[in-house]
Amino acid sequence: MAKATRDVPTKTDPGIAGPPRARQTIDVGKLERALRKAVDGEVRFDTGSLGLYAQDASNFRQVPIGVVVPRTLDDVVAVHKICHRFDAPVLNRGGGTSLSGETVNEAVVIDHSKYLTAIGELDVDRRLVTCETGVINEVLNRHTGKQGLIFGPDPSTHSRCAIGGNLGNNSCGIHSVQSQLYGPGPRTSDNVEALEVVTYDGARFWIGVNEEEHLDEIIDAGGRKGEIYAGLRDLRDKYADTIRARFHSEKQVPRRVSGYNLDELLPERGFNVARALVGTESTCATVLRAVLKLTPALLERTTVVVEYDDLADAAEHCEEIVERWRPIGLEALDDELIRDQQEQNMHVEDIKELPRLGGGAWLVVQFGADTQEESVGRADAFIAWLTGDKGYARDRIRLARSTQEGGTSEHLWAIREGGLGSTAFPPDGKDHWPGWEDSAVPPDRIGEYVRKLRRVMDRHDIRGAMYGHFGQGCIHSRLSFDLRTADGLATYRAFMEDAADLVVSLGGSVSGEHGDGQQRGELLEKQYGSELLQAMREFKAV
């Protein structure tokens with residue numbers, strides 16, 4: 001049974017990288033009874049459920065106050081009103097795939113993924129779909145793919161991550177290059193048209209994009225929405241010049257997802273409150289339903305794999321490939337990742353498909369089209385360019401034809417999608433952890449970043465595979481941190497500080513799609529400075 005009372009952090013915390021929070025006592029028994037009375041869904045305060053929801057895919061373990069699995073959107077609203085009355089924190093969760101500690105906390109956890117999975121209207125002409133936030137990313141794409149459209153951001157966990165998680169982290173995924181070149185943009189925020197939200201005190205309303213011209217009207221209408229919009233307008237006006245000076249655009253850094261998207265509130269962007277809320281990781285409001293923008297599916301897909309001597313050399317080539325050949329995916333693999341998979345008998349047959357003449361890295365370049373002829377033709381032209389203009393050896397290049405459904409992967413892509421699993425517990429006997437697994441830089445600097453990041457790793461005696469979304473400047477890695485000893489933790493902190501300084505010096509982002517969470521929130525002052533960090537605290541307060 002759950003404890004009768006529970007000391008938990010107060011709700012008065014200013015937010016991002018703020019000071020330690022005070023503690024308060026909550027009568028857990030009364031809270032549980034109130035939730036059971038008001039909610040039709042499952043209310044779980046038993047020890048087993050608390051243990052189950054105390055962990056996610058991150059380095060963190062925090063026992064929740066309780067768990068609610070709502071059956072209806074009204075249930076979600078009721079949970080907020082009751083938790084507000086008890087001053088109990090709330091936390092939204094879907095698949096629990098977060099790597100930065102976003103889906104664990106000392107809070108009432110709301111799991112949307114079991115019942116809140118409805119897919120609503122699909123507007124093919126406007127390329128929009130409405131859905132609840134518990135729907136799985138791949139399930140949504142199978143549904144919209146029947147009409148030749150997909151939701152562009154598709155993380156490698158697409159078979160189990162919920163759309164709410166995409167919204168919470170501002171996810172991107174393997175085919176965000178496709179969404180960047182052929183759709184609305186690479187990040188989930190770029191692919192959002194409107195959100196229905198509920199605030200902590202239980203107010204429920206829709207927020208949208210391009211509302212600058214209607215801003216006075218919305219504020220004059222009053223109510224909770226008008227109050228919030230007035231506060232956001234004043235915040236925007238107060239910090240507008242600093243936001244313009246410090247925020248990199250998605251053209252400079254396609255994978256900039258760190259912090260709150262204050263730049264979406266600027267008048268020249270249209271006062272996009274819905275897009276500003278994407279990436280806030282359940283710290284500001286809860287999303288009930290989303291209207292998402294879709295991208296042409298381009299389901300006839302052909303993959304070309306190119307071997308390089310070194311990962312940094314492969315990285316130097318990525319920007320040119322994206323700009324000249326407009327692939328729908330461009331990923332990198334290093335030889336350490338391949339060795340880890342081989343030694344664990346993972347993807348054995350798939351690895352045999354790689355060209356292997358002693359190089360240390362590979363680029364996986366995928367082309368998509370509506371017809372197989374066009375898809376294969378683009379891949380053949382790319383290979384001709386590599387072997388002709390660029391002088392690459394033909395036996396270092398492999399072409400694989402395949403047709404994919406929206407959001408799924410096969411063959412060579414299985415190697416890349418197995419990156420996290422294969423590098424977490426490699427055969428060397430050392431556990432490898434997230435922490436610096438998601439950094440991003442401008443694509444034209446990724447080769448430089450690979451070389452300098454390796455030097456930082458060597459300085460701290462840390463190793464690990466590097467792979468990821470090199471076409472957009474994002475590197476994934478699982479590193480050999482020692483999180484069990486005091487000396488190991490000191491090294492971990494020193495490495496994180498040095499790595500953050502490096503990525504900021506290159507104009508990058510400490511998070512490229514996984515979000516900041518409890519893992520990297522403390523580093524945001526390095527990226528944005530103290531004034532913008534204060535603006536983000538004020539955003540949360542609004």
Inset, instruction - Could you verify whether a donor N or O on one side chain and an acceptor N or O on the other, from Gln178 and Thr295, lie under 3.5 Å apart? - result: no
Legend entry - Note, Asp87 side chain near Ile26 side chain (heavy atom, < 4.5 Å): no
Inset, instruction - Indicate yes or no for a side-chain donor-acceptor contact from Arg478 to the backbone of His432 under 3.5 Å, with no hydrogens or angles considered. - result: yes
Inset, instruction - For Arg44 and Ser49, work out which heavy atoms get closest and say how close. - result: CD-OG, 3.3 Å
Inset, instruction - Work out which heavy atom in Ile150 is nearest to a heavy atom in Ala297; give both atom names and the distance. - result: CG2-CB, 3.8 Å
Inset, instruction - Please confirm whether the backbone N or O of Trp436 pairs with a side-chain atom of Ser477, one donor and one acceptor, at under 3.5 Å? - result: yes
Legend entry - Separation between CG of Leu31 and CD1 of Ile65, rounded to the nearest 0.5 Å: 6.5 Å
Inset, instruction - Go through the side-chain N and O atoms of Asn191 and Ser179 and say whether any donor and acceptor fall under 3.5 Å apart. - result: yes
Legend entry - Rounded distance (nearest 0.5 Å) linking atom CD1 of Ile110 with atom SG of Cys83: 6.5 Å
Inset, instruction - Run the numbers on Leu524 and Arg520 for side chain to side chain contact (heavy atoms under 4.5 Å, CB included), then give the verdict. - result: CA-CA 7 Å; Leu524 289 177; Arg520 289 179 288 272; over 6 Å; no
Legend entry - Residue pair Asn166 / Cys161, side-chain heavy-atom distance below 4.5 Å: yes
Inset, instruction - To the nearest 0.5 Å, tell me how far Arg246 CZ sits from Ile243 CD1. - result: 12.0 Å
Legend entry - Beyond-backbone contact of Ser530 with Glu525, side-chain heavy atoms, under 4.5 angstrom: yes
Legend entry - Stepwise side chain to side chain contact (heavy atoms under 4.5 Å, CB included) check, Asn137 with Asn141: CA-CA 6 Å; Asn137 183 291; Asn141 274 347; 3.7 Å; yes
Legend entry - Side-chain heavy atoms of Pro267 within contact of Arg236, under 4.5 Å: yes
Legend entry - Over-ring placement of Arg71 relative to Tyr115, 6.0 Å and 45° cut-offs: yes
Legend entry - Expected output: side-chain Glu132 to main-chain Ala118 donor-acceptor under 3.5 Å: yes
Legend entry - Main-chain N/O of Glu102 paired to Ser100 side chain as donor or acceptor, under 3.5 Å: no
Inset, instruction - Consider only side-chain N and O atoms of Ser171 and Asn169, and report whether a donor and an acceptor are under 3.5 Å apart. - result: no
Inset, instruction - Report yes or no: do Arg255 and Ser176 form a side-chain donor-acceptor pair below 3.5 Å? - result: yes
Legend entry - Within-4.5 Å side-chain heavy-atom neighbours: Thr144 and Phe151: no
Inset, instruction - Could you pull out the closest heavy-atom pair between Glu300 and Asp370, with the gap in Å? - result: CG-O, 3.6 Å
Inset, instruction - Verify the distance criterion only: is there a donor paired with an acceptor across the side chains of Arg275 and Asn170 at less than 3.5 Å? - result: no
Inset, instruction - Assess the side chains of Asp56 and Ser98: does a donor N or O sit below 3.5 Å from an acceptor N or O? - result: no
Legend entry - Between Glu437 and Gln519, a side-chain donor and acceptor under 3.5 Å: no
Legend entry - Any donor-acceptor N/O pair, Ser282 side chain to Asn92 backbone, under 3.5 Å: yes
Legend entry - Side chains of Val177 and Gln472 in contact at under 4.5 Å (non-hydrogen atoms): yes
Legend entry - From Thr97 atom OG1 to His158 atom NE2, the distance as rounded to the nearest 0.5 Å: 12.0 Å
Inset, instruction - May I ask you to check whether over 12 heavy atoms, not counting those of Arg36, lie within 6.0 Å of atom CZ? - result: yes
Inset, instruction - May I ask you to check whether over 12 heavy atoms, not counting those of Lys81, lie within 6.0 Å of atom NZ? - result: no
Inset, instruction - Take Leu292 and Val192 through the test side chain to side chain contact (heavy atoms under 4.5 Å, CB included) and record every step on the way to the result. - result: CA-CA 5 Å; Leu292 304 174; Val192 166; 4.0 Å; yes
Inset, instruction - May I ask you to test the Glu331-His469 pair for a side-chain heavy-atom distance under 4.5 Å? - result: yes
Inset, instruction - Mind telling me whether His476 and Tyr467 have parallel, tilted or perpendicular rings, with 30° and 60° as the class edges? - result: perpendicular
Legend entry - Donor-acceptor contact below 3.5 Å, side chain Gln527 vs main chain Val510: yes
Inset, instruction - With rounding to the nearest 0.5 Å, note down the distance linking NZ in Lys37 to CG in Leu35. - result: 12.5 Å
Legend entry - Smallest separation among heavy atoms of Leu50 and Gly66, with atom names: CD2-CA, 3.7 Å
Legend entry - Backbone N/O of His175 and side chain of Asp154: donor-acceptor pair under 3.5 Å: yes
Inset, instruction - Scan residues 181-190 for pairs that pass salt bridge (Lys or Arg N to Asp or Glu O under 4.0 Å), counting only residues two or more places apart or in two chains. - result: Arg187-Asp190, Arg187-Glu250
Legend entry - Verdict with supporting geometry, Thr199 and Phe205, side chain to side chain contact (heavy atoms under 4.5 Å, CB included): CA-CA 9 Å; Thr199 60; Phe205 50 86; 4.1 Å; yes
Legend entry - pair Glu264-Val278: side-chain heavy atoms closer than 4.5 Å: no
Legend entry - For the student: nearest non-hydrogen atoms of Leu181 and Arg326, plus distance: O-NH2, 2.8 Å
Inset, instruction - Might you point out which heavy atoms bring Phe247 and Asn261 nearest each other, and give the distance in Å? - result: CE2-CA, 4.4 Å
Inset, instruction - Output, in order, the C-alpha distance, side-chain angles, deciding distance and verdict of side chain to side chain donor-acceptor pair (under 3.5 Å) for Asp74 and Thr72. - result: CA-CA 5 Å; Asp74 288 338; Thr72 67; 5.0 Å; no
Legend entry - Glu281 side-chain N/O to Asp516 backbone N/O, donor-acceptor pair under 3.5 Å: yes
Legend entry - Flag, side chain of His143 to backbone of Val139, donor-acceptor distance under 3.5 Å: no
Legend entry - Over-ring placement of Arg233 relative to Phe271, 6.0 Å and 45° cut-offs: no
Inset, instruction - Examine distances only and state if a side-chain atom of Asn59 and a backbone atom of Pro434 form a donor-acceptor pair shorter than 3.5 Å. - result: yes
Inset, instruction - Supply the atom-to-atom distance Thr130 OG1 to Glu121 CD, rounded to the nearest 0.5 angstrom. - result: 6.0 Å
